[in-house]
J.: 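Sharing a structure with you now.
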Amino acid sequence: MKLRMMAIMAIAASALLSGCQGSDDSKRLYVYNWGEYLDESLIGEFERQTGIKIIYETFATNEDMYTKISAGGSNYDVIFPSDYMVEKMIKEGMLEKIDFSGLPNFENVGDRFKNLGYDPGGEYSVPYMYGTLGILYNKTMVDEPVDSWDILWDEKYARQIFMYDSMRDAFAPALIRLGYSINTTDLEELEEAKRSLIAQKPLVQAYVGDMGRDKMIGGEGALSLTYSGDAYLSMLENPDLDYAAPKEGGNVWFDAMAIPKGARNKTGAEAFINFLCDGEVALKNTIYIGYSTVNMKAFEELPESMRESPVYWPSDDVYETCDVFLDLGDFIKEYDRAWTEILVG
Amino acid sequence: MKRSAAYPYLAWLAVFTIIPLILVLYYAFTSVSDGAVKFSPDNFVRAFEPMYLIVMWRSFVLALAATAICFLIGYPAAYILARKVGEKKSTLLFLLLVPMWMNFLLRTYSWLTILERNGIINNALFALGLPKMDLLYTREAVVLGMVYNFLSFMILPIYTALSKIDASLIEAAQDLGAGKMNVFFRVIFPLSLPGVVSGVTMVFLPAITTFVIPNLLGGGKDALIGSLIEQQFLRVGDWRFGSAVSVVIMGLIVIAMSLFYAVDSDEGEGGLF
């Protein structure tokens, strides 16, 4: 009796849950983006132009997005994964090929941003925003030139340094200093980088995520491992701050637009991606977000202060020294082990 | 009440507790080799490596410290609260509850402003001509955050237990010549133990598994059990190892709690004589 009752409840519950999904409709578009990563007035503009209604949801990390989509049951049409996540999702067959005949505005995307390592054929993704990994520093606390990762290991700045709490980002400067690739899958190299990060740990005030930005704006530290987009926004709020992309090279990251397998409105998704590649739209968007655009038409319209800023627009020389993060497959577990050892040590 | 009234609860329990627990056990006890899922103890072998034992031990010590401090502050507070009458009592209870209405993250964030280098305390020190101190991103700050966030979970159950004590028992003890100390340690404290037990449980459990407080106030510099599990699920995608660590920590909590309950019930009986 009890069991039968529970079975009925379970069926009722699952019926309720699946009932939430709407019917197939070419007039609806489910978009899944990072928080604060779109000038939301553009949603209305797109809806007016096309008559397609956008249902907009946001996520906080690639992994959140990946977990939700791989668990099934979601029905997004456009998603915004970062580089290594695009690669992982392609490998796992989670992305649809994009039909570029529906994307005339794709020609606005700069050539240096096409066919990158994470999507070599450029069939599955369209780049959205990009930036570099570098050092945000406070000019009142650092009076030497900042041009090398070595400064993050300088004892002068003990307890004045912020590092990212995400392991791939934290390992990047250590690996580069040792002359290794940020995508290394060599255990020896990883071990060496680990020892170097353990040696650095007493100098680190904290391993932080987004909070590092507020900390640097508040003058709580001298140096911080920071992505250029965040650095740009911080510098607007505190003029004592400056940004350097170290000469040894670093990481260049991309956030891309892609269509997940099983999308119900693929044509609408392509129309939306095409819309975001429009010069005017991309211009509005990059000014709102503060991250660097990949759209050359938008770039030409930018105010000079942005175009000439090394934070916003890395020179070709700097850009050439940077690598994108690639998906490491199962080797990521070795990074995790090494990272835990750093935090335990 | 009819027994059928319990069915929604049973369904709730099945969907949100039992099934997830079975999934966690399934992930913990299996591993993938050559694309096939197999029963294997590998995840547990890894969870008992020295490095992860240190992580667990550290979480245990920090949670224990927070629980002890909560008890030392919480018991007298509950005692004072229980002895108050009328409007004063409701005002004090209200003051105790109001902070809990605020978002947990927000409350924890506000400690950043108090403890950081250019924060309230350090600015006050500086104004007095004293050197600034590193208060934030220390283990002490983590314990402070736990105490601050979980203190009311200690006070409220003890307060309830104390309020329920029959005043005539205390009067009887006094009539029979017991001094203040005797009344407290042989009558009041033993009778309040059920409250202490739930207070300790309600502080210790969230304290040992929290990952938000160590991340925000500890600067992520100590690997603690909560962040280790978070890392496995959200950043590494190793659900099997994450599940195994969860199972180990659940086991340790069950052992610690049953030891605690055993000691408690011994003392409880002893106190009656």
Side-chain angles (χ1 to χ4, degrees), chain A residues 1-14 17 60-64 66-67 70 88 158-160 162-168 170 201-202 204-209 211-212 214-215 218-221 327-345, chain B residues 3-4 6-16 18-19 32 46 49-58 109 112-113 115-119 122 132 134 136-138 141 211 214-224 227-228 230-242 245:
Chain A
M1 178 62 203
K2 215 188 237 173
L3 265 175
R4 218 179 69 194
M5 194 65 197
M6 273 170 63
I8 293 170
M9 300 286 291
I11 293 166
S14 61
L17 290 173
T61 69
N62 277 301
E63 285 67 20
D64 288 352
Y66 172 81
T67 306
S70 60
K88 184 180 164 94
R159 309 251 327 151
Q160 308 253 39
F162 289 105
M163 291 287 282
Y164 273 124
D165 63 356
S166 40
M167 57 190 178
R168 295 278 317 259
K201 194 180 172 193
V204 175
Q205 189 181 127
Y207 298 95
V208 291
M211 212 170 51
D214 295 335
K215 290 271 148 191
E220 291 284 321
D327 174 43
L328 301 177
D330 253 5
F331 195 79
I332 192 72
K333 291 182 186 174
E334 297 300 335
Y335 275 74
D336 168 56
R337 186 182 286 269
W339 181 240
T340 308
E341 278 178 56
I342 292 164
L343 297 184
V344 167
Chain B
R3 268 183 64 196
S4 59
Y7 286 137
Y9 172 69
L10 283 177
W12 179 271
L13 199 69
V15 174
F16 293 106
I18 297 173
I19 295 173
V32 182
R46 184 172 164 205
E49 280 176 24
M51 177 167 84
Y52 298 112
L53 292 180
I54 295 174
V55 173
M56 288 180 214
W57 174 246
R58 208 174 268 170
Y109 261 103
L112 294 177
T113 335
L115 297 177
E116 61 191 10
R117 284 201 180 172
N118 302 322
N122 270 324
K132 290 194 173 186
D134 276 326
L136 194 58
Y137 304 134
T138 57
F211 60 89
N215 276 356
L216 286 179
L217 300 178
K221 282 189 292 187
D222 270 329
L224 294 181
S227 8
L228 181 68
E230 184 213 8
Q231 168 104 349
Q232 299 313 314
F233 279 91
L234 292 182
R235 302 196 185 188
V236 189
D238 192 348
W239 289 26
R240 289 166 206 283
F241 180 56
V245 177

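Just so we're on the same page: letters track the sequence lines, and every chain starts at 1. Keep in mind that the numbers below use all heavy atoms, side chains included, and drop hydrogens, waters and symmetry copies.
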J.: Rounded to the nearest 0.5 Å, what separation is found between the CG atom of B:D238 and the NZ atom of A:K333?
T.: 4.0 Å
J.: What part of B:E116 gets closer than 4.5 Å to chain A, counting heavy atoms only: side chain, backbone, both or neither?
T.: both
J.: For B:W57, is it the side chain, the backbone, both or neither that has a heavy atom under 4.5 Å from a heavy atom of chain A?
T.: neither
J.: Rounded to the nearest 0.5 Å, how far apart are CZ of A:R337 and CE of B:M51?
T.: 5.5 Å
J.: Could you work out, with side-chain hydrogen bond (donor to acceptor under 3.5 Å, both in side chains) as the rule, every residue matching A:E220, not counting sequence neighbours?
T.: none
J.: Can you check whether B:Y52 reaches A:T340 side chain to side chain, under 4.5 Å on heavy atoms?
T.: yes
J.: Under a 4.5 Å heavy-atom cutoff, which of B:I54, B:N215, B:V55, B:D134 has the most pairs with chain A?
T.: B:D134
J.: Might you work through the side chain to side chain contact (heavy atoms under 4.5 Å, CB included) test for B:V236 and A:M167, ending with a clear yes or no?
T.: CA-CA 10 Å; B:V236 189; A:M167 57 190 178; 3.8 Å; yes
J.: One pair to check against salt bridge (charged side-chain N to carboxylate O under 4.0 Å, His left out): A:D64 and B:R235. What are the steps and the verdict?
T.: CA-CA 9 Å; A:D64 288 352; B:R235 302 196 185 188; over 6 Å; no
J.: Quick one: which of B:G218, B:A223, B:G237 has the most heavy-atom pairs under 4.5 Å with chain A, could you say?
T.: B:A223
J.: Give a yes or no answer on whether the side chain of B:N118 reaches the backbone of A:G218 with a donor-acceptor pair at less than 3.5 Å.
T.: yes
J.: A:D330 vs B:R240, test: salt bridge (charged side-chain N to carboxylate O under 4.0 Å, His left out). Steps then yes/no.
T.: CA-CA 13 Å; A:D330 253 5; B:R240 289 166 206 283; over 6 Å; no
J.: Minimum heavy-atom separation for A:M211 and B:L112, please, with both atom names.
T.: SD-CD1, 3.5 Å
J.: Mind listing the closest non-hydrogen atom pair of A:Y207 and B:G220 along with its distance?
T.: CD1-O, 3.8 Å
J.: Distance from B:S227 atom OG to A:D165 atom CG, nearest 0.5 Å?
T.: 10.0 Å
J.: I want to check something: taking the side chain as every heavy atom from C-beta on, are A:V208 and B:Y137 in contact at a cut-off of under 4.5 Å?
T.: yes
J.: Measure distances from B:L228 to the heavy atoms of chain A and classify the residue's part below 4.5 Å as side chain, backbone, both or neither.
T.: side chain
J.: Heavy atoms only: give me the nearest B:L136-A:K215 pair and the separation to one decimal.
T.: CD2-NZ, 3.4 Å
J.: Please walk me through it: do B:L234 and A:Y66 pass side chain to side chain contact (heavy atoms under 4.5 Å, CB included)?
T.: CA-CA 9 Å; B:L234 292 182; A:Y66 172 81; over 6 Å; no
J.: For the side chain of B:D222 and the backbone of A:V344, is there at least one donor-acceptor N/O pair under 3.5 Å apart?
T.: no
J.: Give a yes or no on whether the backbone of A:K201 and the side-chain of B:K221 come within a donor-acceptor separation of less than 3.5 Å.
T.: no
J.: Partners of B:E230 by side-chain hydrogen bond (donor to acceptor under 3.5 Å, both in side chains), sequence neighbours excluded?
T.: none
